[in-house]
2 protein chains.
Amino acid sequence: MTSKDQSRKASRRGSGRPTIADVAKLAGVAAITVSRALRDPSLVSAELRAEIDTAVVQLGYAPDPNARALASSRADVIGVLVPSLTNIVFADTVRGIYDELGDGPLQIQMGNTHYSPREEERLMRMFLSQRPSALIVSGIDQTETTRKLLESADCPIVQIMEYGDDPVDMLVGFSHFDGGKAATNHLIEAGYRRIGFIGARMDPRSQRRLAGYRSALETAQLFDPKLVTTTLTPSRVSLGAPLLADALAKVADLDAVFCNNDDLAMGVLFECQRAGIAVPHSMAICGFNDLDMMHVAYPSLTSVRTPRYEIGRRSVQMVLDRLAGRPIESPIVDLGFELQVRESTAR
Amino acid sequence: MTSKDQSRKASRRGSGRPTIADVAKLAGVAAITVSRALRDPSLVSAELRAEIDTAVVQLGYAPDPNARALASSRADVIGVLVPSLTNIVFADTVRGIYDELGDGPLQIQMGNTHYSPREEERLMRMFLSQRPSALIVSGIDQTETTRKLLESADCPIVQIMEYGDDPVDMLVGFSHFDGGKAATNHLIEAGYRRIGFIGARMDPRSQRRLAGYRSALETAQLFDPKLVTTTLTPSRVSLGAPLLADALAKVADLDAVFCNNDDLAMGVLFECQRAGIAVPHSMAICGFNDLDMMHVAYPSLTSVRTPRYEIGRRSVQMVLDRLAGRPIESPIVDLGFELQVRESTAR
DNA sequence: TTGTAGGCGTTATCAT
DNA sequence: ATGATAACGCCTACAA
């Protein structure tokens with residue numbers, strides 16, 4: 001084949017779909033003009049824009065995100081790292097993220113760390129290798145290596161679900177310590193004296209709630225290590241019964257429990273019903289997160305309402321603001337929590 | 001700049017990360033050899049493989065998925081379309097998908113259709129534009145357009161969560177009609193006569209459960225349209241109380257309810273407790289899905305256990321089999337369901 | 001505002 | 001088994 005040979009090679013590899021070149025040809029412009037018209041119409045004159053739009057529609061053209069990412073070394077992807085997909089807390093947060101993104105150009109690349117810092121590190125490397133537009137990661141307890149990876153990443157990063165004063169970049173969440181403390185103080189004020197803590201999984205956020213619980217009890221000189229009953233097992237409603245049994249075995253005069261989360265609280269309530277323990281008279285129950293079922297349970301269950309959906313939305317807003325070059329009000333956002341006092345803690 | 005100019009251009013655009021060319025240079029081979037060694041080591045001699053592996057480790061090389069996708073017109077991505085991220089049913093399924101994929105090369109691109117066929121169609125187009133390695137979609141009720149898109153897609157496709165005899169490609173799930181029928185027959189056999197149906201959201205799967213319920217009651221000559229109480233509102237535990245109230249207002253002698261799902265069943269239970277309606281004596285309750293909380297509730301709640309996690313795993317297995325060219329046992333897999341009879345339906 | 005030239009990192013094709 | 005070359009589809013840099 002000579003160098004002047006202009007004939008088409010017989011074999012092509014293409015996808016068969018129309019490319020930007022096809023659109024350009026049909027519209028009678030250069031490819032780059034089509035590219036610009038699609039990314040920022042204001043860069044192209046109205047006439048050409050119209051012709052290009054027509055051609056796009058006519059051919060059913062859709063840009064190839066891979067080619068785009070390769071050429072611009074920037075993927076229209078936000079990496080999202082959560083410890084669990086089934087935990088409703090994170091499911092709600094992820095829903096907030098999706099909702100706020102709407103049908104914009106940004107895609108989500110989700111990673112499930114399974115509460116493992118090592119897995120988080122692995123996923124982080126994998127995500128970073130795609131040069132994402134932004135990263136949203138759960139928690140503030142990354143490994144040193146992960147933290148360094150994040151610090152050297154040149155994209156907006158939002159840590160979510162917790163409150164802290166030293167984020168890698170931005171942060172939106174609330175204080176689990178304060179949440180645990182507020183719940184416990186409420187139980188103390190309601191007149192309970194032997195207040196237990198029941199917790200499962202005991203991830204960093206649970207640990208902070210426990211610390212808040214302990215702080216409140218210590219201040220009231222009510223703390224006793226025997227009051228704390230935890231397991232590393234993942235939380236489930238059905239874990240409430242055995243954990244309550246353990247707690248009662250250690251502290252016979254237990255009169256209240258602050259549960260790690262609402263699932264356990266619900267399990268404790270059922271076990272109390274089954275064992276004939278009067279709630280809230282003989283036993284107060286307080287949960288955490290305030291799922292929908294808490295206010296309809298019988299008796300209704302006190303819980304700490306957490307802004308998980310809002311955290312998802314807000315994290316995306318912060319990302320979009322940064323990507324658009326808009327000023328950020330504050331890189332650290334505390335969305336707070338709200339104690340919902342109900343029948344289960346009203347002696 | 002002359003054509004012979006070999007000097008480096010001042011401005012480079014690269015990502016700064018090592019490329020396959022860097023590895024090739026260090027290993028003293030051609031880039032394509034590195035490419036082959038990485039994708040299928042058996043294509044390269046042991047010696048070169050060793051040298052290449054060394055170079056890869058030394059440079060910390062990781063292939064660029066975008067470049068790979070562009071060159072091969074095939075992304076290492078599985079598109080997953082679900083109607084909801086927070087509905088535990090789909091969350092469990094998605095977890096199964098992630099678990100089965102493990103840390104293999106395939107990524108997941110998740111789409112949330114919000115139970116909207118139009119949104120499903122939009123997402124489908126978007127996904128298809130990335131030339132995914134496979135597609136996993138919920139349900140069998142796609143729009144005609146969506147179905148055509150799927151049929152012309154040249155990748156494995158698995159429809160999940162339902163049973164049907166006419167999948168686009170492959171299918172794994174169970175029959176919601178049969179599930180609803182089995183639950184209702186159980187209530188009939190347990191001696192209940194005024195058996196209501198309570199349902200929220202009423203998506204296609206709920207409709208099929210309702211159809212199964214109706215079929216069972218009609219066979220027993222027990223059907224009465226007044227027994228059916230539904231709403232299009234998304235399901236929540238707190239919807240159980242008002243729906244039960246509606247049902248009782250229409251049918252004063254209602255003695256059992258088959259709920260659309262476990263959330264509603266739980267809400268109904270709480271409402272019965274609150275209203276002093278004895279379960280199961282005056283009112284039987286049966287749910288659907290058999291979430292963990294059902295067997296610990298007081299009284300424990302009868303439900304239909306559904307294999308949602310297993311559906312997720314199996315769908316991925318089918319995809320991987322197909323991608324690897326392994327034979328598929330059957331393109332249609334019925335994973336069944338299992339009625340869990342408990343206190344709430346034992347008069 | 002529009003266009004030209006070339007590169008982004010990888011793999012398909014064809015040759016050896 | 002290995003390599004040279006040319007895509008893949010788009011975008012950045014620079015020029016006009």
Side-chain angles (χ1 to χ4, degrees), chain A residues 1 3 5-25 27-49 51-52 56 59 61-76 105 129-131, chain B residues 1-3 5 7-25 27-49 51-52 56 59 61-76 105 129-131:
Chain A
M1 209 161 280
S3 59
D5 192 332
Q6 291 189 38
S7 70
R8 289 246 162 237
K9 289 265 184 59
S11 65
R12 321 285 289 104
R13 302 192 278 153
S15 60
R17 297 194 308 143
T19 72
I20 202 170
D22 298 325
V23 177
K25 200 174 304 170
V29 299
I32 185 65
T33 306
V34 177
S35 172
R36 285 197 271 250
L38 261 29
R39 281 176 298 158
D40 185 351
S42 74
L43 294 174
V44 172
S45 68
E47 305 160 52
L48 289 189
R49 217 184 304 155
E51 301 227 40
I52 289 170
V56 165
L59 294 173
Y61 169 76
D64 179 329
N66 293 118
R68 197 196 280 264
L70 182 59
S72 63
S73 53
R74 211 11 118 216
D76 284 344
S129 83
Q130 306 196 37
R131 318 211 113 231
Chain B
M1 208 164 276
T2 73
S3 59
D5 193 331
S7 71
R8 288 248 161 235
K9 289 266 184 58
S11 66
R12 319 284 294 100
R13 298 190 281 147
S15 62
R17 296 194 310 143
T19 73
I20 202 170
D22 298 324
V23 176
K25 199 174 301 168
V29 299
I32 187 64
T33 305
V34 175
S35 174
R36 284 197 270 252
L38 260 30
R39 281 176 298 159
D40 185 353
S42 74
L43 295 174
V44 171
S45 68
E47 305 161 52
L48 288 190
R49 217 185 306 154
E51 300 227 43
I52 289 170
V56 165
L59 293 173
Y61 167 75
D64 180 326
N66 293 118
R68 199 196 277 268
L70 181 59
S72 64
S73 55
R74 205 21 110 212
D76 284 344
S129 83
Q130 307 197 37
R131 318 212 112 231

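So you know, we letter chains A, B, ... as the sequences are listed, proteins then strands, and number each from 1.
In this structure, A/R36 has no salt bridge (Lys or Arg N to Asp or Glu O under 4.0 Å) partners at least two apart in sequence or on a different chain. In this structure A/R39 satisfies the side chain to side chain donor-acceptor pair (under 3.5 Å) test together with A/S35, sequence neighbours excluded.
For B/T33 and D/dT2, the shortest distance from a side-chain N or O to OP1 or OP2 is not below 4.0 Å. OP1 or OP2 of C/dT2 sits under 4.0 Å from a side-chain N or O of A/S45. In terms of phosphate contacts, A/S35 brings a side-chain nitrogen or oxygen within less than 4.0 Å of OP1 or OP2 of D/dC11. Close to C/dA12, at under 4.0 Å from its OP1 or OP2, lies a side-chain N or O of B/R39.
For the atom pair CZ of B/R17 and CG of B/D64, the computed distance is 5.5 Å after rounding to the nearest 0.5 Å.
Residues A/D76 and A/R68 have side chains in contact (heavy-atom distance under 4.5 Å, counting atoms from C-beta outward). No side-chain heavy atom of B/V23 sits under 4.5 Å from any side-chain heavy atom of B/L38.
Among the atoms of the strands shown, base atoms are found under 4.0 Å from some heavy atom of A/A67.
Atom P of nucleotide C/dG3 and atom CG of A/L43 are separated by 13 Å, given to the nearest angstrom. Taking atom OH of residue A/Y61 and atom C1' of nucleotide D/dG9, one finds them 7 Å apart after rounding to whole Å. The CD1-P distance, from B/I52 to D/dT2, rounds to 8 Å in whole Å. Straight-line distance from the CG atom of A/D64 to the C1' atom of C/dT10: 13 Å, rounded to whole Å. B/N66 places its CG atom 22 Å from the P atom of D/dA7, with the value rounded to the nearest Å. Rounded to whole angstrom, the span from the CD1 atom of B/I32 across to the C1' atom of C/dG9 amounts to 12 Å. Atom CG in B/L70 sits roughly 4 Å away from atom C1' in D/dC8 (whole-Å rounding). Residue B/I20 contributes atom CD1, which lies 19 Å from atom P of D/dA7 at whole-angstrom precision.
Closest to the A/R36 side chain, of the nucleotides C/dT10, C/dG3, D/dC10, is C/dG3.
Positionally, the nearest nucleotide of DNA chain D for B/L48 lies more toward the 5' end than for the other of B/L48 and A/P18.
Scanning atom types as modelled, no donor and acceptor separated by under 3.5 angstrom connect the side chain of B/R17 and the base of C/dG9.
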